[in-house]
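Naming: A, B, ... by sequence-line order, numbering from 1 per chain. Keep in mind that what you see is a predicted model, and the values were worked out from it rather than measured.
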Amino acid sequence: MDSIDIEGIPDIRNYVPRSVKEAFAIQRALKERVSLENSFESISLIAGVDLAILKERKQLVCGIILFEFPELSIIDKVYSIVDEKFPYIPGLLSFREGPAIIEAYGKLEVKPDILILDGQGIAHPRGFGIACHIGVILDIPTIGVGKKKLYGTFDELGMVPGRYSPLYSKQGDTIGAVLRTKKNTKPVFVSPGHKIDLPSALEVVTECARGYRVPEPTRQADKYVAELKKEFL
DNA sequence: GCGACAG
DNA sequence: ATCTTGTCGC
């Protein structure tokens, strides 16, 4: 039961692991499909995602907002509400939030060139954070932007916005970067998810930093989901 | 056995 | 994520 036969899973998009061991196996298998090369030619559309919990209903609300890039003007908004089927376990976030994100994404009539997710990309214990997971399953470029570190080590960075410090794996590989998006404010953790390299991911996130710590697409999605939460409480 | 630990 | 008052910096 060490290695999983991914091909044998009917709907990997909504598959719920029966154990942590199985979840680990799925991540190790899907990790092989991650690409760290830019697959896009230019970026004219970008989207941000965020989720909230409807505790009473035991459901998750996911909101995705599509923006024109680099203007960052809103073009569309979609959302999904899904039953909570997997708990929050550090390192296995995608199994909890993935289904809701994928369903909402499917409702977008126009797809973005890049999707920014809350959480890590390859800066993960097994190199397969939620940004990688969503990117591989949807086969689209994704970037992971976390507010906290999950994995890796780094040196302190300057206070000037735009400054960053590489995130290193235990083996010494650069797996992401800690980016200062705002003065005198804690940095964010940026790492490639799929079909994009670190330099590009950093450029995009830096470009999306508009006066706040969290990049605009994510910040807007955050507000959107907060409203949805009230509406569906 | 003791820390670390995305949202 | 969520709860939750006052408080510090721009």
Side-chain angles (χ1 to χ4, degrees), chain A residues 16-17 20 23-24 26-27 30-31 34 48-64 79-104 115-136 142-154 159-161 167-170 175-194 201 205 209-215 217-230 232-233:
Chain A
V16 181
V20 169
F24 276 33
I26 291 174
Q27 293 185 316
L30 291 178
K31 177 186 186 307
V34 172
V49 193
D50 196 32
L51 295 87
I53 300 174
L54 300 180
K55 195 176 182 183
E56 306 301 271
R57 305 177 56 169
K58 296 182 178 178
Q59 296 182 310
L60 302 180
V61 201
C62 173
I64 298 182
Y79 73 86
S80 70
I81 294 184
V82 174
D83 291 334
E84 182 175 34
K85 293 183 175 179
F86 197 80
Y88 167 67
I89 299 175
L92 299 180
L93 179 64
S94 59
F95 292 106
R96 176 179 176 71
E97 307 189 335
I101 296 172
I102 293 169
E103 186 180 311
L115 182 63
I116 296 181
L117 291 114
D118 250 316
Q120 316 298 320
I122 60 173
H124 176 279
R126 289 167 295 289
F128 197 69
I130 191 169
C132 299
H133 197 134
I134 299 301
V136 166
T142 58
I143 298 173
V145 179
K147 294 183 288 297
K148 295 177 182 176
K149 182 190 73 174
L150 169 63
Y151 177 79
T153 60
F154 64 96
M159 273 319 210
V160 179
L167 239 195
Y168 301 106
S169 69
K170 221 163 189 175
I175 55 177
V178 186
L179 173 69
R180 188 79 66 185
T181 51
K182 182 184 180 189
K183 302 172 185 176
N184 303 322
T185 301
K186 293 173 61 60
V188 294
F189 299 77
V190 180
S191 59
H194 187 46
V205 176
R210 301 292 169 83
Y212 294 89
R213 179 163 96 115
V214 177
T218 301
R219 207 174 74 76
Q220 292 299 321
D222 190 356
K223 295 169 57 181
Y224 178 41
V225 172
E227 292 308 309
L228 290 171
K229 181 171 182 175
K230 295 181 184 176
F232 291 93
L233 198 168

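Heavy atoms of other residues, nucleotides or ligands lying less than 6.0 angstrom from OH of Tyr212(A) number 12 at most.
Computed from coordinates, the Lys182(A) NZ to dC10(C) C1' distance equals 8 Å when rounded to whole Å. At whole-Å resolution of the value, OH in Tyr88(A) and P in dA1(C) are 11 Å apart. Atom-to-atom, CZ of Phe95(A) to C1' of dA1(C) comes out at 19 Å; the value is rounded to the nearest Å. The CD-C1' distance, from Glu56(A) to dA1(C), rounds to 15 Å in whole Å. Per the geometry, NZ belonging to Lys186(A) stands 19 Å off P belonging to dC8(C), to the nearest Å.
With hydrogens and angles ignored, the 3.5 Å screen pairs a side-chain donor or acceptor of Tyr151(A) with a backbone N or O of Lys170(A). A distance-only check finds a donor-acceptor pair linking the side chain of His124(A) to the backbone of Gly91(A) [under 3.5 Å]. Looking at Gln120(A), its side chain does come within 3.5 Å of a backbone N or O of Lys148(A) through a donor-acceptor pair.
Residue contacts for Lys149(A): at a heavy-atom cut-off of 4.0 Å it reaches the sugar-phosphate backbone alone, with no base atom in range. Here Gly146(A) lies in heavy-atom contact (under 4.0 Å) with sugar-phosphate atoms only. As judged by a 4.0 angstrom heavy-atom cut-off over every strand, Lys183(A) is placed among residues making no nucleic acid contact. In this structure, Gly91(A) reaches the bases: a heavy-atom distance under 4.0 Å links it to at least one base atom across the strands shown. Among the atoms of the strands shown, only primed sugar atoms or phosphate atoms (P, OP1, OP2) are found under 4.0 Å from some heavy atom of Ala52(A). Among the atoms of the strands shown, none is found under 4.0 Å from any heavy atom of Leu117(A). Base contact: Ile130(A) has a heavy atom under 4.0 Å from a base atom.
Nearest-nucleotide mapping onto DNA chain C: of Asn184(A) and Lys229(A), the residue sitting toward the 5' end is Lys229(A).
Leu179(A) contributes atom CG, which lies 11.0 Å from atom CG of Leu167(A) (distance to the nearest 0.5 angstrom).
Arg213(A) meets the side-chain hydrogen bond (donor to acceptor under 3.5 Å, both in side chains) test with no other residue; sequence neighbours excluded.
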Worked verdict on Val49(A) versus Ile134(A) for side chain to side chain contact (heavy atoms under 4.5 Å, CB included): CA-CA 11 Å; Val49(A) 193; Ile134(A) 299 301; over 6 Å; no
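The nucleotide range of DNA chain B contacted by chain A, defined by atoms under 4.0 angstrom from heavy atoms of the protein and reported 5' to 3', is dC5(B) to dG7(B).
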